[in-house]
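Have a look at the structure below before the remarks.
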Amino acid sequence: MNPILELQRQRMLLEIEYYTEKEAFRRQTETMGLQRKIKRGDAWFPLRVGKSYYNSLNQLAIEVHRASANEDDTDIEHNFEFGKPVVFFKTINKQPTPNTSSLETSPFWGRKEGALSYFNFTGTVSYVDGDRMVVTVPDSAPLLELQNTEYQVGVQLFFDETSYKTMFDALDRVMKAKNGRLAYLRDLFYSTTAKPQTFSFAPMQFPWLNPTQERAVNDVLKAKDLMVVHGPPGTGKTTTLVEAIYETLHRESQVLVCAQSNMAVDWISEKLVDRGVNVLRIGNPTRVNDKMLSFTYERRFEAHPDYEMLWAIRKAIRDLRTHKKRGSENWHQKMDRLKSRATELEIRINAQLFGEARVIACTLVGSANRLLEGQKFNTLFIDEAAQALEAACWIPIRRAGRVVLAGDHCQLPPTVKSMAALKAGLGRTLMERLVENHPEAVALLQVQYRMNEEIMRFSSDWFYGGRVQSAPQIKHRGILDYDIPMEWIDTQQLSISSPTGGGREGAHEEFIGETFGRINKTEAELTMQTLRDYFTKVGKTRILEEQIDVGIISPYRAQVQHLRHLLKRDPFFKPFRHLLSVNTVDGFQGQERDIILISLVRSNDEGQIGFLRDLRRMNVAITRARMKLIILGDPQTMSHHPFYRKLYEYVQALKLTE
């Protein structure tokens with residue numbers, strides 16, 4: 001395979017994705033109602049605009065608070081996170097705040113998008129904590145207008161042009177590379193004949209790891225060019241990766257650790273900090289607490305002894321700009337002197353921070369940050385590599401001598417909006433390519449520590465060739481004696497009595513628009529009833545004493561919101577709220593619960609199951625449960641697909657053997 005031609009093809013597919021997403025954003029901005037944007041988690045309105053200030057990186061920042069008008073809005077999982085671009089908007093005329101009783105009847109809500117006016121600048125999310133967000137904005141941003149109470153202000157996500165530009169630039173650099181390390185890795189990754197090189201030494205022993213984890217760490221240490229750690233659900237991928245990084249740091253002074261999402265970067269960073277490793281996190285964490293913030297670049301920069309002097313100089317520069325005297329030669333000399341001193345201090349602080357850090361951690365796109373300009377690393381670790389577009393992986397690879405990828409290509413894939421680009425192969429990740437081209441460089445972790453054996457067995461057989469086994473101590477874990485670990489409740493065979501009164505027979509899906517997909521209200525009520533019945537069997541006291549936690553998963557966002565609504569208004573669940581979480585499959589990636597309920601939603605005469613055909617998502621869903629998994633769905637609809645037919649038969653067979 002010619003790597004240059006393949007990379008050109010990747011670039012072309014990425015361009016298709018770029019224009020598809022840009023057009024979708026334009027259409028959404030012009031036609032989608034504000035309420036819909038809020039429900040999707042893409043907008044906050046109305047906002048309470050707080051203080052503005054210059055942060056430690058000398059960026060103008062403004063604090064905003066979500067002043068939610070509707071109590072249901074607090075249930076919405078918003079999509080704002082560090083690094084995402086945003087745009088502010090305002091209402092043309094002052095409108096009363098929508099009342100909590102009905103958004104639909106609010107005088108603002110009925111108005112068309114033309115009633116909004118967008119500010120002519122974009123900001124970037126610095127961090128989000130609950131209903132509070134800090135956004136960095138250009139120095140020229142009209143802050144007084146934003147803080148004006150004559151009209152209401154909102155904020156929404158903007159099209160992320162920067163990430164695409166960074167990916168295009170990375171692909172271009174890889175294609176142009178000649179004779180260097182980047183060119184070597186490019187040609188190796190695309191070759192099926194060339195073999196990755198390895199060092200040769202006696203394997204090290206790690207008694208606290210299982211044999212497959214120990215082998216994986218040794219394989220990482222021996223790799224000169226490339227290694228892939230394939231970690232199925234519950235097999236301790238993070239534990240293995242942390243150990244591999246820790247051991248690598250005995251041989252190298254510093255490594256670069258990246259992941260697709262901020263959440264994945266946070267998780268691996270936290271585990272490394274727990275091992276006593278000095279981590280410097282470029283970018284702000286998704287969970288804002290003192291522990292997470294303590295290893296961020298921004299917090300460390302502020303804590304440096306020279307920072308106070310730098311802050312004073314920067315303030316003097318801003319004051320000088322404000323009180324500039326036209327044509328004053330003295331002004332220019334002063335400004336140059338101050339700027340030169342500020343640059344000198346900034347370089348000194350950065351040199352110390354980067355010199356002390358053993359691990360530099362950031363997202364894949366974040367590795368293009370100007371702070372890393374000119375930096376080279378012997379080893380790059382990419383976690384959750386199976387969720388990242390190939391182009392994104394090449395951004396940090398150009399800084400590295402060798403690459404270690406960790407993840408599971410049988411779980412969540414990258415998000416691709418363009419169906420044409422997806423079908424042409426944009427969704428195929430670098431990890432998948434390497435697993436196929438270089439199976440000798442893949443270490444599969446084979447002992448899982450999460451699930452009851454019977455929950456794990458189906459996933460192991462279907463996705464991993466039966467090679468994943470349960471650790472003996474968790475093999476038979478369960479909540480009730482003689483319980484069946486896996487159940488499938490046929491939503492067409494049961495009638496339900498709703499706590500709100502009335503009853504219905506059979507569950508049928510409804511389509512409620514492209515952005516939310518489908519909903520099955522009867523199945524949602526049946527899900528709640530099933531959980532009530534199971535909790536009654538287990539007993540309230542035991543659930544609270546043992547902190548038995550529950551995850552309710554649905555592939556459809558509309559179903560998730562409806563389930564949250566039902567959960568909130570059902571008094572039975574009030575004592576257990578802190579133990580219950582409802583989310584999409586993506587929202588549960590990397591998590592686990594004692595009990596998992598999955599509402600499949602789809603129920604129709606044609607056997608249409610839509611994006612549930614992406615079996616990797618279902619692999620994630622069914623492998624979140626430690627002790628009990630309950631699937632709610634229509635077997636007639638789902639069994640049109642061989643995977644779901646096999647899954648249904650597997651669960652029915654369990655019932656017969658108990």
Donor-acceptor check, side chain of Gln213 to backbone of Thr240, threshold 3.5 angstrom: yes or no? no
Given Glu592, which partner from the list Arg624, Arg450, Arg477 fulfils the salt bridge (Lys or Arg N to Asp or Glu O under 4.0 Å) test? Arg450
Using a strict cut-off of less than 4.0 Å between a Lys/Arg side-chain nitrogen and an Asp/Glu carboxylate oxygen, indicate whether Asp634 and Arg602 qualify as a salt bridge. no
Salt bridge flag under 4.0 Å for residues Arg626 and Asp594: yes
Could you tell me if the side chain of Lys271 sits less than 4.5 Å from the side chain of Arg275, heavy atoms only? no
Any side-chain heavy-atom pair of Lys646 and Trp462 under 4.5 Å: yes
SB check Arg542 Glu546 (cutoff 4.0 Å): yes
With side chains defined as the heavy atoms from C-beta onward, is the minimum distance between Phe463 and Leu615 less than 4.5 Å? yes
Determine whether a donor-acceptor pair (N or O, by modelled atom type, separation under 3.5 Å) exists between the side chain of Arg557 and the backbone of Arg40. yes
Is the gap between the ring centers of Tyr556 and Phe511 under 6.0 Å? no
I'd like to know if Arg457 and Asp461 make a salt bridge, using a cut-off of under 4.0 Å between side-chain N and carboxylate O. yes
Lys84 and Glu81, any side-chain heavy atoms less than 4.5 Å apart: yes
Determine whether a donor-acceptor pair (N or O, by modelled atom type, separation under 3.5 Å) exists between the side chain of Glu453 and the backbone of His476. no
State yes or no: are the ring centers of Phe82 and Tyr127 separated by less than 6.0 Å? no
Under-4.0 Å salt bridge between Arg433 and Glu390: yes
Could you give the distance from CG (Leu600) to CG (Leu647), rounded to the nearest 0.5 Å? 8.5 Å
Beyond-backbone contact of Met618 with Leu612, side-chain heavy atoms, under 4.5 angstrom: yes
Would you call Asp274 and Lys291 a salt bridge, taking side-chain N to carboxylate O under 4.0 Å as the test? yes
Salt bridge check: are Asp42 and Arg36 linked by an N-O gap of less than 4.0 Å? no
Can you tell whether the side chains of Glu487 and Lys655 come within less than 4.0 Å, N to carboxylate O? no
